Amino acid sequence: MSDLLTDVLSGGVRGGTAIMLAALGETLAERAGVVNLGTEGCLLVGALTGYAVAAETGSPWAGLVAGALAGAALALVHAGLVIWRRADQFATGLTLMFFGLGITSLFGVAYVGKAAPGFAPVEIPLLSDVPVLGPVLFAHDPVTYLSYLVAPLMWWWLRRSRSGLLVRTAGERADVLHLHGYRAGLIRGGAVVAGGALAGLGGAQLSTAYAHAWFEGMTAGRGFIAVALVIFAAWRPLRVVAGAYLFGALLAVAPVLQARGHAVNQFAMDALPFVITLLILAVIGRRTLRAAPQELRRVFESSSSN
Amino acid sequence: MTATATAPRDMLAGLGRWAAALLGALVLFALLLLVKGANPLTVLWGMAVSTFTSPPTIEQIVIKSVPLILAALAVVIPARAGLTNVGGEGQVVIGAVAAAGVGLWLDPSLPGPVVLVLLLVGGGLAGAAWAGVAAVMRLTAGVNEAVTTLLLNYIALDVLLYLIYQPWKDPEGSGQPATRPLEVAARLPLLGTTAVHVGVVLALVAALGTWLVLRRTAFGFRLGVVGGNPEAAGRAGLPVRRLLLAAMLTGGGLAGLAGAIHFAGVEFKLRPGLTTNIGYLAFLASWLVRHRPLPVIGAALLLAAVTIAGDSLQLDSGLPAATVHVLTGLLLLAVLGWTRRKGDAT
């Protein structure tokens, strides 16, 4: 039984890392007042670029950096269109999702079934011997270990640093920034691009550390799960981590049970994260939405009345 | 495409902008093909020739545009009331699932045409119910409908997969799991000697009807008032909540109908990947023409043509079919970048 729990939880961390990185990126963008539905596209270009660069250079670390850059580049298009051209955020995001899907299948054919050096699990001495917690947290690839740092750093940065305050203000009261001589557009753009880089990193983790392969559409909706997760987590980085591992664990339950010979329908499990998010929103909907950055609420409320 | 533009000059300017956007997108696409090592002229020429010169592919475009038109109307109507329905995909899926359910339940025991009518109605009702979940959550818990409809898309997809991998799986089917196919008598009849099913008539009637209702009826006018300023609408005594609910249910019903028509006119059985992003493409189609019901037909035809061109791309040039999403994406990005939103002060 504890074996089963360990497997599910460890699978949750393994499979939840890409979702977590993408969701933290989305958190950053949304705290600055921009919704990026193109996160799915950022994950995809990150996954392909990461894998391709790892294959070409022989270094998965180079792949990781390239993946983050690719995600940032796609997010830059989003930022440019919604901030500079005031394009509709939902429509632009969805368009970038399609664009990411297309461009990665065009340039990805060459890498389907091609081997590339990836990240292997490294057990951390001593820590990995701790029962349950050891295998769950300390028997992973180096990227996963790195990802442990992202959320606490973001939490601290948003809360304590001057630039973090600027990002939050861009999301809450952009007019105040203007009064103090800051350009809200630039700050927002920076947050969106940085968020895209995190999603690209998540994509690269998916291809070079999790799946060890590239295939068309390999992110399978994780970017959208990430967007939902940000709401689920009420725009707080630390809650995003908990949510990502929870969603990751739910996705890991069915394969783990199947490996033990139990017949489970994968899809009933797959729907659970979404159903849970909906139920939570239904119960604490108003409270959750009150936690939303002001400027973001404006986006949600005005997107269709153009 | 710009049938509702106010003056010929606006129409020309509109067409010019579209042409520029299309051209810009094509040039970028050609550049990407060059980078990839393909000859862009051969690829584009091949795409255009095999897409637009043969009647079967033109028929394919029309068929493809049917669910797109209906699902785009499912964005148009809520948008009039100020609601964002990003849940077309889920509503289409649930519509197809309900249609298939009616088929499996009643199919040979009732005459085909009766089954057909019932499954279309069932699909519409299911789509309305699916959108209704989002509407009720908005009205009772204040949860934004863009968020809930997006989440409901994934649940709908999992419902579909759950059903075809277990309870509804055709034991005689081989390969990809799917349901038992719909009896021939219960499928949508074809128009004359063409390969186009009568769903196209339904889609056109729906677009025209939506235009009439939004433009000529008190209901349509009230929706516009609620969308413009819900607070003022409430103070003026309009039943705001009921109007929001009605807009969302009608929209969901149309998307559900799109799913049912796609099922009874093209697919005949449920399979994974049945909807191929119809809902998301339809959202973009509606957005492209600023949520106006008649131009939606043109936008849907355009996106359908690009999608069909993608299939010929795969056959002629050996590039993956999804490559065409690059062109769709670039085209939409060009339009998004070219047009400014009206009434945005800051």
Side-chain angles (χ1 to χ4, degrees), chain A residues 35 37 41 77 80-82 84-88 90-92 94-109 174-175 216-217 221 224-225 227-228 231 265-271 273-275 277-278 281-286 288-289 292 297 300-306, chain B residues 32-33 36 75 78-79 82-86 133 137 140-144 146-148 150-155 157-162 165-166 227-228 277 280-281 283-284 287-288 290-291 319-330 332-333 336-344 346:
Chain A
V35 180
L37 289 189
V77 179
L81 284 173
V82 304
W84 175 51
R85 300 298 303 176
R86 295 184 192 292
D88 182 270
F90 291 99
T92 310
L94 279 181
T95 302
L96 284 176
M97 186 270 285
F98 278 109
F99 181 74
L101 196 60
I103 196 118
T104 51
S105 36
L106 176 63
F107 289 99
V109 244
D175 47 339
E216 196 180 308
F224 286 114
I225 295 187
V227 174
I231 300 156
N265 194 309
Q266 171 73 50
F267 307 105
M269 297 311 274
D270 286 355
F274 300 105
V275 174
T277 309
L278 269 185
L281 286 177
V283 176
I284 56 159
R286 275 182 208 286
T288 309
L289 275 192
R297 285 165 72 170
F300 277 118
E301 274 148 27
S302 72
S303 66
S304 56
S305 52
N306 53 31
Chain B
L32 281 170
L33 289 176
K36 170 74 193 154
V75 183
L83 297 170
T84 311
N85 181 13
V86 208
V133 175
M137 281 185 69
T140 58
V143 186
N144 186 278
V147 175
T148 44
L150 202 57
L151 291 171
L152 284 164
N153 287 345
Y154 284 91
I155 301 175
L157 200 61
D158 286 328
V159 168
L160 168 80
L161 291 171
Y162 170 78
Y165 274 85
Q166 258 169 7
N277 290 327
Y280 295 118
L281 278 175
F283 179 84
L284 293 169
W287 189 88
L288 265 183
R290 298 187 174 279
H291 310 304
L319 295 169
T323 300
V324 82
H325 290 313
V326 175
L327 188 55
T328 318
L330 286 174
L332 289 159
L333 287 177
L336 282 161
W338 242 271
T339 54
R340 239 170 222 283
R341 279 172 67 185
K342 291 176 204 154
D344 219 357
T346 44

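Since this is a predicted model, take the numbers as computed values, not measurements.
With rounding to the nearest 0.5 angstrom, the OG1 atom of B:Thr323 is 7.5 Å from the CD atom of A:Glu216. One distance of note links CG of B:Leu327 with CZ of A:Phe99; it measures 10.5 Å at 0.5 Å rounding. Here the straight-line distance linking atom CZ of A:Phe90 with atom OH of B:Tyr280 works out to 12.5 Å at 0.5 Å rounding.
Between A:Phe267 and B:Tyr165, the two ring planes are tilted [angle within 30° to 60°]. Relative orientation of the A:Phe274 and B:Tyr154 rings is parallel, given thresholds of 30° and 60° on the angle between their planes.
Of the atoms belonging to A:Val82, not a single heavy atom falls under 4.5 Å from chain B. For A:Val275, the parts lying near chain B are the backbone and the side chain together; criterion is any non-hydrogen pair under 4.5 Å. Residue B:Leu330 touches chain A through both its backbone and its side chain, counting heavy-atom pairs closer than 4.5 Å. Only the side chain of B:Val86 comes within contact range of chain A, with at least one heavy atom under 4.5 Å from a heavy atom of that chain. Only the side chain of B:Phe283 comes within contact range of chain A, judged by heavy atoms closer than 4.5 Å. There is no contact between A:Ile225 and chain B, counting heavy-atom distances below 4.5 Å. Within the 4.5 angstrom heavy-atom criterion, atoms from both the backbone and the side chain of B:Leu32 approach chain A. For B:Leu332, the parts lying under 4.5 angstrom from a heavy atom of chain A are both the backbone and the side chain. Interface residue B:Leu281: backbone and side-chain heavy atoms are both found under 4.5 Å from chain A. Interface residue A:Ile103: backbone and side-chain heavy atoms are both found under 4.5 Å from chain B. Interface remark: B:Leu161 contributes backbone and side-chain atoms alike to the contact with chain A (heavy atom separation under 4.5 Å).
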>> Before you tell me yes or no, could you show the steps for A:Phe98 and B:Leu284 under side-chain contact (heavy atoms from CB on, under 4.5 Å), namely the whole-Å CA-CA distance, both residues' side-chain angles and the distance that decides it to 0.1 Å?
In response: CA-CA 11 Å; A:Phe98 278 109; B:Leu284 293 169; 3.7 Å; yes
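When side chains are defined from C-beta on, B:Met137 counts as touching A:Leu278, because their heavy atoms get closer than 4.5 Å. Between A:Leu101 and B:Val326 there is no side-chain heavy-atom pair separated by less than 4.5 Å.
The two residues B:Pro320 and A:Ser105 make their nearest non-hydrogen contact at CG-O, 3.1 Å.
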